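Keep in mind that what you see is a predicted model, and the values were worked out from it rather than measured. Counting convention: from 1, in listed order, for ligands and their atoms alike. Quick note: residue numbers are just sequence positions, from 1.
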Amino acid sequence: MKILGSFPKTRLRRLRKSKWLRNLISESNISHNDLVLPIFVREGKNKVEPIKSLPGVKRYSVDKLPVILNEVKRLKIPMIALFPFTPSHKKNNFGTEAINPNNLICKSLKFIKKKFPNVGIMCDVALDPYTSHGHDGIIINNKVDNDETIKILIKQSLLQAKMGCDVIAPSDMMDGRVGAIRKALDKNKFSNVSILSYAVKYASSFYGPFRDAVGSKSRLKKDKKTYQMDYRNSFESFREVGLDIKEGADMVLVKPGMIYLDIIKQIKDNFKIPVLAYQVSGEYALIKNGINKKLLNDESIIESIVSFKRAGASAIITYFALDIAKKIK
Ligand code: PBG
């Protein structure tokens, strides 16, 4: 690109001299419409409990969900993402709690759809909150088995759709699961239920606090590198997204977010499909701890979210969603 103009005729500071002018020419802005809030649910009644690894984030029993959903509604956040904290005695090697029609996610879906019918809900499809080993799939001969895992993911997706889930979000990284889920949804009259594929999900250290929040961290022995992507790779993301679009994904997700802005931009520039980004738990915790220690100010949150918009994300899943919506109101 040719650089236009030269000093002193051209002074770029002229466009920065006042707030209104900076606002006038700003390229990327965020609104409440760009935000998705993750919510952790737990068992019991009348429980709102802080999560140590995620300062400022809490787990809610189903009856207490209105505490946070009233805020979601007031601040006009379009969608929430539900995650369960499953008690140990309900976990097993096959993650069968995932397909129990009375599990926490099903109870939450029914409750929220009745009390807050206008809030969109996305649900993770993966087995990690339910398996005793903390992996996203079932283990056969010491390996996370792709095709056997898909069979249970299909059941998990159908159950979520039946309970009122709007957006099915497979986060498991098994090959071929998007197509299998789409086919099963269509066959069962759920052709209006969307799929947001975690198409580009890297095996990342930045999921640590989340794994603690859903109670899988201490269980997980090895990493997830045989199914989640290698962070040294970039082109592989084209293949993942291309396949998922062919299989019927309506939207794709890049995860983690802040350290993968190059990937978000590359997907956005090359595929004409909505790209969502996930500012994951480790990224959240870094900023939040920085603010708590007064090393960073609050504006660092907005700056981090605008970076996603600049890269081309349509929306951002972030634990800061309520803080941001309040701040920009
Ligand atoms: C589970 C899942 C993970 C996250 C979302 N869904 C963790 C993982 O894959 O180990 C991470 C979210 C976060 O760190 O905020 N499949």
Taking only non-hydrogen atoms of Y278 and a 4.0 Å limit, the atoms of ligand 1 in range are 12 (C), 15 (O)
Heavy atom of Q279 under 4.0 Å from ligand 1?
no
Cation-pi, F85 ring and R59 (6.0 angstrom, 45 degrees): yes
Check: Are any of the side-chain nitrogens in K224 or D128 under 4.0 Å away from the carboxylate oxygens of its partner?
Finding: yes
- Query: Just checking, is any N or O donor in the side chain of S204 or Q228 under 3.5 Å from an acceptor N or O on the other one?
  - Reply: no
The option among L54, D212, D128 carrying the non-hydrogen atom nearest to atom 1 (C) of ligand 1 is D128
* Asked: Between K113 and D166, does at least one N-O distance fall below 4.0 Å, as a salt bridge requires?
  -> yes
Next item on the list: Report yes if Y198 has an N/O atom closer than 3.5 Å to an N/O atom of ligand 1; otherwise report no.
Entry: no
heavy-atom search around atom 6 (N) of ligand 1 in the protein gives D124 OD2, 2.8 Å
Quick look: D136 vs ligand 1, heavy-atom contacts under 4.0 Å, and the answer is side chain
Note: A126, heavy atoms under 4.0 Å from ligand 1, region reported as side chain
Salt-bridge test for E247 and R182: reply yes if a basic N is under 4.0 Å from a carboxylate O, no otherwise. no
**Asked** With a 4.0 Å cut-off on heavy atoms, does Y319 reach ligand 1?
**Response** yes
* Asked: Mind checking whether K201 has a heavy atom under 4.0 Å from ligand 1?
  -> yes
* Does D136 come within less than 4.0 Å of R177, counting only side-chain N to carboxylate O? -> no
- Task: Using a strict 4.0 Å threshold on nitrogen-to-oxygen distance, state whether E148 and K151 make a salt bridge.
- Result: yes
shortest atom 14 (O) of ligand 1-to-protein heavy-atom contact is with S281 OG, 2.7 Å
By side chain to side chain donor-acceptor pair (under 3.5 Å), S18 pairs with (sequence neighbours left out) W20
Atom 8 (C) of ligand 1 has as its nearest protein heavy atom K224 NZ, 3.3 Å
Out of curiosity, is K255 lining ligand 1, as in a heavy atom under 4.0 Å away? yes
